[in-house]
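What follows is one structure encoded as structure tokens, with my remarks underneath.
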Amino acid sequence: MKLVFWLLDINPKIDGKSVELWLWGIDSDGKRVLVVERNFVAYFYALLAGGVDASKVTENIMNDYGSSIASAEIVERRFFGKPVTAIKVSCRVATETGEIAERLRSVQGVADCLEDDIRAAMRYLLDNNLSPCGWHECHVESEDKTPEVRVNKVYVAKSPPKRLENVAVPDLRVMAFSTIYYSREGTPKSDRNPVLLLSTVDSNGEEKQLTAETGPDDKPVIEAFIQYVTEFDPDIIVSFGANSVHWTYLRGRSHTLGLHLDFDRAKLEPHTSMYGHVSLTGIVNLDLSDFMDVFPEVKVQTLWNLAYHLGVYKERQTIVEDVLFADYWDDIEKRDELKSFGLDSARKVYGSAVLLLDFATQLSGLTMLPLDQVLTAATGFRIEWFLIKQAQKDGELIPRRTEQIYAPYAGGLVLSPKPGLHENIAVLDFKSMYPNLMITYNLSPDTYIEPGRPEPPSGVYVAPEVGHRFRKSPPGFYKEALTYLINVRSEIRQEMSSLNPKSVEFRMLDARQKAVKIITNAAYGYAGWVGARWYIKPVAEAASAWGRYTIQKAMDMAKEAGVEVVYGDTDSLFIQYREAQAHALQENVKHQLKLDVEIGEVYQRIFFTEAKKRYAGLRADGSLDIVGLEVIRGDWAEVAKRVQQHILEIILKDQSPKKAIDYVRQTVADLKHRKLPFSDFVIWKTLTKSPEDYAIKAPHVQAAKMLKEKGWRLRGGDKVGYVVLSGKGRLYSRVKPHVFADIKDVDVDYYISNQVLPAAARILLFFNVTKGQLEKQTAETKENRSLMDYV
DNA sequence: GCATACGGAGTACCA
DNA sequence: ACTGGTACTCCGTATGCG
């Protein structure tokens with residue numbers, strides 16, 4: 001019979017020597033199904049050394065290892081663009097692939113073995129052109145002897161599934177949860193600290209709070225959780241932080257209580273899997289904290305900040321810090337507040353998930369990575385899987401990931417800005433510059449001509465400065481991949497333009513074009529990544545060299561046309577805008593450099609300091625575009641950022657330094673009287689490693705160590721919020737984690753002289769502030785450092 | 001003995 | 001755990017002045 005199903009997840013099922021592939025899905029009737037593939041054959045390629053007799057080597061291999069090998073077939077492939085002969089070795093026992101490959105590496109005539117490191121599930125998806133989060137059609141038979149799995153129906157595949165074009169997504173059962181643990185000893189540990197509260201929100205609109213009202217016994221909480229999950233039978237479980245904390249915690253806690261957290265569709269417990277994520281068999285485990293790299297503008301990565309950024313809620317709400325959970329629980333008057341915070345958190349998880357699921361689904365389909373891996377996989381791996389698909393189409397063998405020597409190379413060209421205010425400035429932007437350069441000059445691992453090698457008949461593009469050569473044709477697989485991506489994106493955007501932005505189709509397409517964009521933009525970075533399978537430094541080096549050439553040429557052309565350039569960075573030029581002239585330049589550049597250039601933002605007014613990568617522009621619609629300055633940095637106190645923001649507004653709109661100074665004076669006065677919220681004083685910084693690994697004493701490291709002393713575990717990647725307190729000595733000796741500090745101990749003078757005034761002076765330095773105004777300022781701040789010191 | 005200079009560590013940003 | 005270019009703060013020691 002024929003089965004049509006949407007592929008939710010795939011996992012290998014290893015039973016002794018047999019490897020089955022389990023394909024979890026949803027059929028066209030909405031039934032949850034498992035399709036078991038029993039005909040998977042693992043294989044790899046033995047790459048032959050030059051000049052050897054392929055059939056002889058094959059014969060030798062079969063003689064010596066025939067008992068482990070199902071078949072050995074001589075095939076023609078390519079490796080880094082060069083034609084190669086290889087033996088495709090299929091293994092009798094899938095789990096022995098790596099071992100056999102390792103042995104064959106030392107066989108006479110075998111140069112190397114490749115693709116033995118492609119795991120079964122990915123191999124299967126790749127070879128059959130399947131796509132997670134996509135519809136497929138498959139000949140199946142019903143399975144009589146149903147394995148112990150929780151689905152409506154189990155089938156056995158009679159042939160590999162075929163992908164269908166349908167892009168719709170079935171109705172998925174989604175469940176979100178949040179946790180609250182009880183600990184008076186810092187970071188909760190599952191062997192001693194109970195789960196006070198589990199809050200859930202699901203796609204049926206049901207909200208639940210599972211709690212241990214009566215005391216420390218949380219066994220009923222976890223039992224109820226297991227029961228609820230089993231009954232609801234979610235396709236996707238969403239959380240914030242489950243990959244790093246909650247699954248391990250809940251599993252550990254279950255064991256402490258003599259329970260098993262075996263609610264997934266194979267009745268197994270959560271287990272760690274690829275790319276540092278936790279797997280739930282047959283259920284997608286989605287951790288929203290893995291989305292954070294998609295939103296770098298959210299500086300302190302918390303659930304609540306993410307949800308706020310996404311517009312899940314509008315009014316800022318009071319958050320209960322985890323440090324205070326135990327206090328809230330023990331205080332009967334505050335316990336309800338904690339409970340509603342827990343439920344609210346689950347709502348935020350669910351609300352955010354609804355908005356992010358389309359994007360994740362599309363990224364999964366594009367990269368071939370299953371939905372629960374695509375977000376935990378780093379950028380490099382996402383693009384790599386996309387490229388692997390393209391390479392396979394071209395007959396390119398997939399290189400192994402090998403240890404490479406890191407060697408930096410020159411990047412983009414950055415021009416020094418002309419400091420001060422400018423009127424009417426347009427940004428001339430090269431659209432998707434690096435991808436387009438790679439397309440235009442056919443930059444790819446398989447088109448690179450090594451020094452000393454003869455020039456191919458098609459001729460070569462020679463990169464400026466660095467001299468790397470790339471054949472002009474045929475196109476490399478980067479060119480093909482990028483051309484596809486860029487075309488697809490513009491088709492999608494075209495299609496979107498005729499749709500209602502509120503329609504489901506529009507939402508889907510928008511998610512897809514965002515996913516495509518992410519992959520497109522990462523291609524250049526991937527090329528220069530030492531960890532890349534296809535790492536060839538000259539590819540990245542040539543791209544950046546062509547980039548510098550391009551921007552330099554465009555600058556020369558601007559000069560020739562009498563257009564003043566005030567700034568530029570990598571792929572953009574900021575020019576004095578006169579409409580006809582600018583458009584003429586745009587056309588000229590487009591034509592001569594064969595790259596797409598657009599006139600982007602036209603600023604009414606723009607302000608540059610002497611520093612590169614830092615400016616503020618006033619857009620035509622009156623909004624500010626602030627780049628690089630303290631305002632948009634996550635490691636400055638809120639009060640300093642707000643002051644700078646207002647100053648920029650005053651300077652760009654009113655052009656009144658006097659007003660700006662008055663504003664600074666007012667804030668300094670407020671600071672002196674502590675008439676500002678405590679959150680204004682918190683400085684957030686990221687730990688790049690565990691606090692004890694630091695060689696130096698830095699303020700945020702000291703604050704982290706204080707948290708650690710109270711039992712709170714902090715690791716690399718964690719953000720520490722601290723405030724500076726009054727006192728003597730080094731800065732690091734008088735900081736405190738914000739959760740333990742009080743506004744009355746804050747050193748307001750530090751915030752005036754090291755936060756607010758420097759941020760203000762960064763801008764005001766460029767305006768003639770009269771002596772009188774400055775003296776007034778000095779008088780106000782008395783012995784503190786005044787603006788004068790900075791001017 | 002003290003203030004200042006300066007390189008390095010650390011962080012975060014832009015493209 | 002995708003690249004290089006850049007700015008900036010704070011630490012900690014070297015340096016120079018009185």
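Heavy atoms only: backbone and side chains are in, while hydrogens, waters and symmetry mates are out. Sequence lines set the chain letters: A, B, ... in the order given, protein chains first and strands last, and positions in each chain run from 1.
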Original post:
Which pairs pass salt bridge (charged side-chain N to carboxylate O under 4.0 Å, His left out) with one or both residues in residues 525-551 of chain A, sequence neighbours excluded?
Top reply: A/D117-A/R533, A/E384-A/R533, A/E465-A/R548
**OP:** Using atom CZ of A/R382 as one end and atom P of C/dC2 as the other, report the distance to the nearest whole Å.
**Re:** 9 Å
Original post:
When the ring centroid of A/F381 is compared with that of A/W529, is the distance short of 6.0 Å?
Top reply: yes
Original post:
Do A/F681 and A/Y750 have ring centres separated by under 6.0 Å?
Top reply: no
Subject >> Euclidean distance, atom CG of residue A/N521 to atom C1' of C/dT3 [Å, nearest integer] >> reply: 12 Å
Original post:
Atom NZ of A/K685 to atom C1' of C/dC10: distance rounded to whole Å?
Top reply: 8 Å
**OP:** Heavy atoms of chain A, cut-off under 4.0 Å: which first and last nucleotide of DNA chain B, 5' to 3', fall inside that, if you could look?
**Re:** B/dG10 to B/dA15
Subject >> Ring centers of A/W684, A/H738 separated by less than 6.0 Å >> reply: yes
**OP:** Could you tell me whether the phosphate oxygens of C/dA7, OP1 or OP2, come under 4.0 Å of any side-chain nitrogen or oxygen in A/R762?
**Re:** no
Subject >> Partner residues of A/Y434 under the ring pair (Phe, Tyr, Trp, His ring centres under 6.0 Å) criterion, sequence neighbours left out >> reply: A/Y524
Subject >> Nucleotide C/dT3, atom P - distance to OH of A/Y478 in whole Å >> reply: 13 Å
**OP:** Let me know, please, whether A/A522 or A/L413 comes out on the 5' side of the other along DNA chain C by nearest nucleotide.
**Re:** A/A522
Original post:
Can you tell me how far C1' of C/dG5 sits from OH of A/Y409, to the nearest Å?
Top reply: 12 Å
Original post:
In whole Å, what is the span from the CZ atom of A/R401 to the C1' atom of C/dA1?
Top reply: 10 Å
Original post:
Rounding to a whole Å, what distance do you find between A/I632:CD1 and C/dC8:C1'?
Top reply: 13 Å
**OP:** Nearest 0.5 Å please: distance from the CH2 atom of A/W385 over to the CD1 atom of A/I398.
**Re:** 6.5 Å
Original post:
Less than 6.0 Å separating the ring centroids of A/Y461 and A/F470?
Top reply: no
Original post:
Would you say A/Y524 reaches C/dG4's phosphate, i.e. side-chain N/O to OP1/OP2 under 4.0 Å?
Top reply: no
Subject >> Closest non-hydrogen atom pair between A/D287 and A/G241, with its separation >> reply: OD1-N, 2.7 Å
For residues 718-725 of chain A, dump all side-chain donor-acceptor pairs below 3.5 Å to protein atoms at least two apart in sequence or in another chain.
| from | atom 1 | to | atom 2 | distance (Å) |
| --- | --- | --- | --- | --- |
| A/D718 | OD2 | A/R715 | N | 2.7 |
| A/K719 | NZ | A/K299 | O | 3.2 |
| A/K719 | NZ | A/T686 | OG1 | 2.9 |

Original post:
Hey, are the side chains of A/Y535 and A/T402 touching, using non-hydrogen atoms and a 4.5 Å cut-off?
Top reply: no
**OP:** Calculate the interatomic distance between A/Q702 atom CD and C/dC11 atom C1'; express it in whole Å.
**Re:** 11 Å
Original post:
Can the ring centres of A/Y577 and A/Y603 be said to be less than 6.0 Å apart?
Top reply: no
Original post:
Which parts of residues 608-618 of chain A get close to DNA chain B, meaning a heavy atom less than 4.0 angstrom away?
Top reply: A/K613, A/Y615
Subject >> Out of C/dT6, C/dC2, C/dC10, whichever nucleotide has its closest atom nearest the side chain of A/L731 >> reply: C/dC10
**OP:** May I ask you to list the residues of residues 534-555 of chain A, by number, that have any heavy atom positioned under 4.0 Å from an atom of DNA chain C?
**Re:** none
